[in-house]
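Values reported hereafter were calculated over all heavy atoms of this structure, with side chains retained and with hydrogens, waters and symmetry mates removed. Everything quoted here is computed from the prediction, not taken from an experiment. Counting from 1, the numbers follow the sequence of the chain as shown.
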Amino acid sequence: MSDCLFCAIVAGDIPANIVLQTDTVLAFHDVQPQAPTHILVIPKQHFADLAAVAAADPTLAADLMLAAAEVAHTVQLDQAGYRLVVNTGVDGGQSVYHCHVHVLGGRGLQWPPG
Ligand code: AMP
């Protein structure tokens with residue numbers, strides 16, 4: 001999709017620190033980390049949010065969750081634990097309207113979040 005930041009990362013037009021790439025998903029470090037480790041997992045195909053992915057392609061939604069778990073293992077978050085966050089819409093704090101799963105960890109995370 002034109003004018004989509006994450007589509008530009010998928011296309012290689014904007015650089016990213018990539019952690020994992022499969023046929024369907026891409027994972028890369030967030031530029032403004034909110035935890036010692038903060039990685040985004042996105043579908044390569046453009047969808048505005050996770051609900052749109054799940055409705056159009058449930059297998060792709062599962063791919064995102066599997067990739068998030070694989071990323072957590074790769075960066076060694078899986079033993080201590082980590083948090084997955086999917087901000088959706090304005091009240092959800094979504095700022096980039098290309099579906100993404102935040103993988104956060106590396107310290108004890110407050111719950112409920114502030
Ligand atoms: P959200 O607020 O849930 O839509 O999250 C969007 C995330 O994208 C934020 O955590 C940003 O820091 C992150 N972000 C924005 N631009 C980039 C970029 N060029 N590379 C990596 N992460 C980015």
Side-chain angles (χ1 to χ4, degrees):
M1 187 188 199
S2 62
D3 295 336
C4 171
L5 174 64
F6 288 173
C7 284
I9 288 176
V10 171
D13 295 335
I14 292 176
N17 185 356
I18 293 172
V19 180
L20 173 74
Q21 178 156 205
T22 74
D23 288 346
T24 58
V25 307
L26 186 67
F28 51 90
H29 286 272
D30 196 294
V31 284
Q32 287 189 292
Q34 303 300 313
T37 301
H38 185 174
I39 293 164
L40 302 174
V41 182
I42 71 169
K44 288 184 171 177
Q45 187 180 350
H46 183 88
F47 291 96
D49 55 35
L50 183 60
V53 174
D57 188 346
T59 301
L60 180 56
D63 286 349
L64 287 169
M65 295 300 117
L66 288 167
E70 186 174 341
V71 162
H73 179 71
T74 299
V75 300
Q76 300 179 318
L77 291 180
D78 53 343
Q79 291 296 314
Y82 57 93
R83 181 174 297 163
L84 303 183
V85 173
V86 183
N87 298 327
T88 304
V90 174
D91 281 1
Q94 187 173 6
S95 62
V96 178
Y97 282 78
H98 180 129
C99 174
H100 50 282
V101 179
H102 297 259
V103 181
L104 297 149
R107 64 170 166 80
L109 297 169
Q110 174 192 356
W111 188 263

Walk me through it: do Leu40 and Val103 pass the test side-chain contact (heavy atoms from CB on, under 4.5 Å)? CA-CA 6 Å; Leu40 302 174; Val103 181; over 6 Å; no

How are the rings of His102 and His38 set to each other: parallel, tilted or perpendicular (split at 30° and 60°)?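 If you compare the ring of His102 with that of His38, the planes turn out tilted.
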
Gln76, CD atom: more than 12 neighbouring heavy atoms under 6.0 Å: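 No.
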
Mark yes or no for whether Gln32, through its side chain, and Asp30, through its backbone, hold a donor-acceptor pair below 3.5 Å.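 No.
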
For Thr22, is there any backbone N or O sitting under 3.5 Å from a side-chain donor or acceptor partner on Lys44?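 Yes; at least one donor-acceptor contact below 3.5 Å.
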
To the nearest 0.5 Å, what is the distance between [atom1] ([X]) and [atom2] ([Y])?
{"X": "Ile9", "Y": "Asn17", "atom1": "CD1", "atom2": "CG", "answer": "11.0 Å"}
{"X": "Cys99", "Y": "Gln45", "atom1": "SG", "atom2": "CD", "answer": "11.0 Å"}
{"X": "Ile42", "Y": "Leu26", "atom1": "CD1", "atom2": "CG", "answer": "5.0 Å"}

Heavy atoms, side chains only, cut-off 4.5 Å: are Leu64 and Leu50 in contact?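 Yes, close enough: below the 4.5 Å cut-off.
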
Heavy-atom closest pair, residues [X] and [Y]:
{"X": "Gly105", "Y": "Leu77", "value": "C-CD2, 3.8 Å"}
{"X": "Pro43", "Y": "Leu60", "value": "CB-CD2, 3.9 Å"}
{"X": "Tyr82", "Y": "Ala69", "value": "OH-CA, 3.9 Å"}
{"X": "Arg107", "Y": "Pro36", "value": "CG-CD, 3.6 Å"}
{"X": "Gly89", "Y": "Tyr97", "value": "C-OH, 3.4 Å"}
{"X": "Met65", "Y": "Val101", "value": "CE-CG2, 3.8 Å"}

From CA spacing to verdict: ring pair (Phe, Tyr, Trp, His ring centres under 6.0 Å), His98, His100: CA-CA 6 Å; His98 180 129; His100 50 282; 8.0 Å; no

With a 4.5 Å cut-off on side-chain heavy-atom distances among I, L, V, M, F, W and Y, is there a chain of contacts connecting [X] to [Y]?
{"X": "Val86", "Y": "Leu20", "answer": "yes"}
{"X": "Leu66", "Y": "Val19", "answer": "no"}
{"X": "Val25", "Y": "Phe47", "answer": "yes"}

Could you list who else is in Leu104's hydrophobic cluster, with ILVMFWY side chains joined at under 4.5 Å, directly or through other members?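 Val85, Leu109, listed by chain and number.
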
